[in-house]
Amino acid sequence: MSHLELLLPGEADLLIRGLRSFPLREMGSGGWNQQHENLEKLNMQAILDATASQDEPIQELLVTHGKIPTLVEELIAVEMWKQKVFPVLCRLEDFKPQNTFPIYIVVHHEASIINLLETVFFHKKVCESAEDTVLDLVDYCHRKLTLLVARSGHSGPPEDNESQYSTPMQELQKQAELMEFEIALKALSVLRYITDCVNSLSLSTLSRMLSTHNLPCLLVELLEHSPWSRREGGKLQQFEGGCWQTVAPPEQQKLSKLDGQVWIALYNLLLSPEARARYCLTSFAKGQLLKLRAFLTDTLLDQLPNLADLQGFLAHLALAEPQPPKKDLVLEQIPEIWERLEQENRGKWQAIAKHQLRHVFSPSEQDLRLQARRWAETYRLDVLEAVAPERPRCAYCSTEASKRCSRCQNEWYCCRECQVKHWEKHRKACVRTAQGDRAK
């Protein structure tokens, strides 16, 4: 285990054994909340183990107890809740929550699961242990990346501008939108790890990736639009660690992690013998893939030398005749989780929303304080700082920061001057957080 332990091995084993799938109606209930807390602890411990480059018992236990399919089903279930139930809930006339924290936990559940999957899917045996649900996970990643491409003209996620969102529900919807962007970026990493296993994937999974969804062409569009990069005031910014960060001029030629994930996924899908034998290089696919040649600069090849093989493949593709679309009759397995959940709950969305309004999202003040206390115990400050992907950044200028807001303990600053300049934007959130802490 890592030097900093959140869970003892026996505790982790017990929590993982207890993981199960919940009906949509029970999301936000007491038992569901307990499992969400358990998942957050497993999530943080998995990151601690991976960061320390030591044994990673969380992924071992998830494989041993066959819980990867359970996580995939929970991931898709909460995605469906957000699409089908949450909008109905918001339209109910008597839906006027005084506190949106219980709803935020359900909205955040999807981010928790995809983050855990991103951490453990680095190991190929985790992908193999997903069994048939890898098909459902491929479909999930495709949905997220399609939305990412579709919104690429909107300059990425919304800015954290408190003044534009006055009501708690408006702030929650803004947070959900930002979270959706980050979830899509995590889905990209998970998809890349799945492509690492392309030689051992089932024929149905390969067909789903290459024929049904044409993932190589979708990945080309991601490289073209690069939704995790933007220009602001003439400066290059990249979305990392949950916020936009300015990239210093000497670092601008450095390949970002997300661009790297796209290139590795393309390499796996286009150059592995199994995938090449099944990918139909139609006229459309050929045109899309040849766009990659403009990106394959010497600077990029120096950072990812294996892409020289991809460059050779594209040179050969430019001279080859496109293939006609295949019309073979193929019997293949299809994803079933989304379809099954939709059939089980079709016509019940409003009934689920009303049930949750009465029994889940209208807690008493005492219930809220109890839950806040439990979350304070789950999110220990020393653990949160240890699992942070990098040193904190100044909320005003994005440089490395060493000073924290003494009132709310949430925002970081590099100096007093930046804190003063950021105060007008930070004030409302700071006061609200401080009041919440006193209520505990």
Side-chain angles (χ1 to χ4, degrees), residues 19 21-24 27 36 39 43 62 66-86 106-124 126-151 176-177 179-198 201-202 204-219 221-222 227-228 258 261-262 265 268-269 332-345:
L19 293 177
S21 300
F22 281 81
L24 267 65
M27 287 191 175
H36 178 73
L39 275 171
N43 202 351
L62 286 169
K67 293 299 184 178
I68 296 298
T70 304
L71 290 179
V72 175
E73 178 154 353
E74 274 290 277
L75 178 71
I76 294 171
V78 74
E79 179 196 21
M80 180 171 288
W81 183 91
K82 287 166 66 176
Q83 288 188 25
K84 304 287 189 179
V85 180
F86 185 46
V106 181
V107 172
H108 183 260
H109 191 60
E110 184 181 4
S112 300
I113 299 175
I114 194 66
N115 195 68
L116 178 56
L117 291 177
E118 181 194 28
T119 303
V120 301
F121 257 75
F122 176 80
H123 304 275
K124 291 186 178 181
V126 173
C127 183
E128 294 168 0
S129 75
E131 299 175 342
D132 294 342
T133 60
V134 74
L135 275 167
D136 299 273
L137 191 54
V138 165
D139 266 32
Y140 171 87
C141 293
H142 175 259
R143 289 193 293 271
K144 296 301 176 183
L145 298 188
T146 300
L147 289 172
L148 196 57
V149 169
R151 66 176 298 162
E177 187 180 352
M179 207 180 300
E180 195 65 30
F181 181 80
E182 296 184 65
I183 287 169
L185 301 185
K186 299 288 185 183
L188 171 59
S189 295
V190 171
L191 180 66
R192 174 256 149 134
Y193 294 138
I194 294 174
T195 68
D196 285 346
C197 305
V198 70
L201 294 175
S202 68
S204 295
T205 305
L206 276 177
S207 175
R208 199 82 182 164
M209 297 171 76
L210 299 171
S211 301
T212 307
H213 297 317
N214 199 349
L215 288 180
C217 289
L218 179 60
L219 292 170
E221 289 193 67
L222 276 175
W228 45 84
L258 291 165
Q261 299 285 45
V262 177
N268 291 336
L269 291 174
E332 63 180 45
Q333 191 176 359
I334 61 173
E336 62 87 28
I337 296 176
W338 179 277
E339 184 68 25
R340 171 169 52 80
L341 290 174
E342 195 166 40
Q343 287 181 359
E344 290 173 357
N345 297 282

Kindly indicate whether the side chain of [X], heavy atoms from C-beta on, has any atom under 4.5 Å from the side chain of [Y].
X: Glu131; Y: Val72; answer: no
X: Lys186; Y: Lys144; answer: no
X: His108; Y: His36; answer: yes
X: Leu19; Y: Leu39; answer: yes
X: Lys84; Y: Asn345; answer: no
X: Val149; Y: Leu218; answer: yes
X: Ile337; Y: Tyr140; answer: no
X: Asp139; Y: Arg143; answer: yes

Measuring from [X]:[atom1] to [Y]:[atom2], what's the distance to the nearest 0.5 Å?
X: Ile113; Y: Leu71; atom1: CD1; atom2: CG; result: 6.5 Å
X: Leu206; Y: Leu201; atom1: CG; atom2: CG; result: 5.5 Å
X: Ile76; Y: Leu137; atom1: CD1; atom2: CG; result: 7.0 Å
X: Leu219; Y: Asn214; atom1: CG; atom2: CG; result: 9.5 Å
X: Glu182; Y: Glu110; atom1: CD; atom2: CD; result: 12.0 Å
X: Thr195; Y: Leu215; atom1: OG1; atom2: CG; result: 9.5 Å

Quiz item: Does the side chain to side chain contact (heavy atoms under 4.5 Å, CB included) test come out yes or no for Trp228 and Leu188, once each step is laid out?
Solution: CA-CA 12 Å; Trp228 45 84; Leu188 171 59; 4.0 Å; yes
Closest approach of [X] and [Y], non-hydrogen atoms and distance?
X: Val78; Y: Met27; result: N-CE, 3.4 Å
X: Ala77; Y: Leu341; result: CA-CD1, 3.7 Å
X: Ala176; Y: Val107; result: CB-CG1, 3.9 Å
X: Cys127; Y: Phe121; result: CA-CE2, 3.6 Å
X: Ala187; Y: Cys141; result: O-SG, 3.5 Å
X: Leu148; Y: Ala184; result: CD1-CB, 4.0 Å

Hey, are [X] and [Y] close enough for a salt bridge, meaning a charged N less than 4.0 Å from a carboxylate O?
X: Arg151; Y: Glu180; answer: no
X: Lys124; Y: Asp196; answer: no
X: Arg340; Y: Glu344; answer: yes

Quiz item: Step by step, would you call Ile334 with Arg208 a side chain to side chain contact (heavy atoms under 4.5 Å, CB included)?
Solution: CA-CA 8 Å; Ile334 61 173; Arg208 199 82 182 164; 4.3 Å; yes
Judged by atom type as modelled, is there a donor-acceptor pair below 3.5 Å linking the side chain of [X] to the main-chain atoms of [Y]?
X: Thr133; Y: Asp136; result: no
X: Glu74; Y: Phe22; result: yes
X: Ser207; Y: Ser204; result: no

Exercise. Indicate the ring-plane relationship of His213 and His142, choosing parallel, tilted or perpendicular according to the 30° and 60° boundaries.
Key: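 Answer is parallel, since the angle falls under 30°.
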Quiz item: Angle class for the Trp81/Phe86 ring planes (parallel below 30°, perpendicular above 60°, tilted otherwise)?
Solution: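 Parallel.
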Practice problem: Just do the side chain to side chain contact (heavy atoms under 4.5 Å, CB included) check on Leu222 and Leu258 with the steps written out, would you? | Solution: CA-CA 10 Å; Leu222 276 175; Leu258 291 165; over 6 Å; no
Quiz item: After noting the C-alpha distance and the side-chain angles of Leu185 and Gln261, does the key distance pass the side chain to side chain contact (heavy atoms under 4.5 Å, CB included) rule?
Solution: CA-CA 10 Å; Leu185 301 185; Gln261 299 285 45; over 6 Å; no
